[in-house]
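Here is how names work: the chains are called A, B, and so on, in the same order as the sequence lines, proteins then strands, and each is numbered from 1.
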Amino acid sequence: MDKRKRVQALFAFTTNAHVQGFLQGKIYKGRLKNMCVPGLNCYSCPGALGACPIGAMQAAEGSTRYDISMYILGFLMFAGILFGRFICGWLCPFGWIQELLHKIPCRKVKVPPRVNSVLKWLKYGILLVFVILLPILTADEFGLSTPYFCKYICPAGTLEGGIPLLLMNRPLRNAIGFLFSWKMGILLLVILAAVFVFRPFCRYLCPLGAFYSLFNPVSFYRYRVDADKCTKCGKCAKACKMDITPYQTPNSMECIRCGECIKACPAKAIRNGVSSASPHESTVTEPPKPV
Amino acid sequence: MARIRDLAVRLAIMAAAVLMVVIGIRNGEARTVFEKAVNICLECIGIG
């Protein structure tokens, strides 16, 4: 197992270490839940020790006291400016689950570039509409509103929270209705898609990935391409499962910092790390030679 | 010069982020997050 896989597993288990919650069908209620975890991890997961930043943001927007959450936005900006989408690639439990599903042996599907270039914007729309605008604009006379993303889209909540809690709680099972069927449908679609396509939820639907992606071009942790070493062979682009061309855009908003391009580069031209160097250090712009 | 400007922008974003977290905590937002997170979110699990 490579280093990233170990970190993903360790982080997923560490942030969901409340084992007795799974056994009792109850969630953790301790003080750690004042804080958010950086990745998408439902706080109604019986094992969750921290709060989900997307759920927490909607909770603050939907409360009577605030319209926008400075606490959560500040936390996400801090994590974003330090790491960008490194968090997606290394610290997100739901991203890890999708990667495990993608290991199921079968013929994999490469999303056509034109489809990919359109669908990738969907996650920004979901962030804007479901996470920010709807919870703010649809507040009732008491200032309360619905967490629209969690309620109608989030498959992580269904998988990590819904299924284990319903298995252990008869009263909750008795309350199942259309909404649960809807959310199970979305979860099954995401699971099925993840078997064939690499991280489909992260690429097209995740509002947290969309937020962090805004920081990828400027974050402290970044990739750099040594233009003197790069031969533009295109092997990095072939290795990239997010369909980026790393030697042209090493700090692309879609890059989850998985490091496959670094491993694939025969010239060792791509480097990573925390740096104060310019984000536009790569000067290579020509298309790759045919391989 | 560009390198210094980029670093300054990143440090400014980081400082703004820290300031926002502090303001949020002072406004009691951490309490709101806690109250939400320690109760089962029925919407999240597809019940409510």
Below 4.5 Å from any heavy atom of chain B, which atoms of Ile68(A) appear? Answer side chain, backbone, both or neither.
backbone
If you draw a 6.0 Å radius around CZ in Phe215(A), do more than 12 non-hydrogen atoms from other residues or ligands fall strictly inside?
yes
Ranked by heavy-atom pairs below 4.5 Å to chain A, first place among Gly24(B), Gly46(B), Ala15(B) goes to Gly46(B)
Against chain B, work out which of Lys151(A), Met77(A), Gln58(A), Lys26(A) has the most heavy-atom pairs shorter than 4.5 Å and name it.
Lys151(A)
Evaluate the ring planes of Phe149(A) and Phe201(A), with Trp represented by its six-membered ring, and classify them as parallel (under 30°), tilted (30 to 60°) or perpendicular (over 60°).
tilted
For Ile27(A), is it the side chain, the backbone, both or neither that has a heavy atom under 4.5 Å from a heavy atom of chain B?
side chain
Is it the backbone or the side chain of Ser219(A) that comes under 4.5 Å from a heavy atom of chain B, or both, or neither?
backbone
Please classify the contact between Phe78(A) and chain B as side chain, backbone, both or neither, with a heavy-atom cut-off of under 4.5 Å.
both
May I ask you to name which of Cys45(A), Pro147(A), Gly177(A), Ala51(A) has the most heavy-atom pairs under 4.5 Å with chain B?
Pro147(A)
For chain A, find which of Glu29(B), Met20(B), Arg31(B) contributes the most heavy-atom pairs closer than 4.5 angstrom.
Glu29(B)
Pick one of side chain, backbone, both or neither for Leu32(A), based on which atoms fall under 4.5 Å of a heavy atom in chain B.
neither
For Leu19(B), which atoms come within 4.5 Å of any heavy atom of chain A: side chain, backbone, both, or neither?
neither
Do the numbers put Arg10(B) on top of the ring of Phe220(A), so that NZ or CZ is under 6.0 Å from the six-membered ring centre and no more than 45° off the axis?
yes
Can you say whether Ile81(A) sits under 4.5 Å from chain B via the side chain, the backbone, both, or neither, judging by heavy atoms?
side chain
Could you grab the distance from atom OG1 of Thr158(A) to atom CD1 of Ile163(A), nearest 0.5 Å is fine?
7.0 Å
Side chains of Ser69(A) and Phe75(A): closer than 4.5 Å at any heavy-atom pair?
no
Min side-chain heavy-atom separation Ile45(B)-Leu172(A) under 4.5 Å
yes
Contacting region of Leu76(A) [heavy-atom separation from chain B under 4.5 Å]
neither
Is there a side-chain contact between Phe86(A) and Asn272(A) (heavy atoms, below 4.5 Å)?
no
NZ of Lys183(A) to SG of Cys150(A), rounded to nearest 0.5 Å, is 6.5 Å
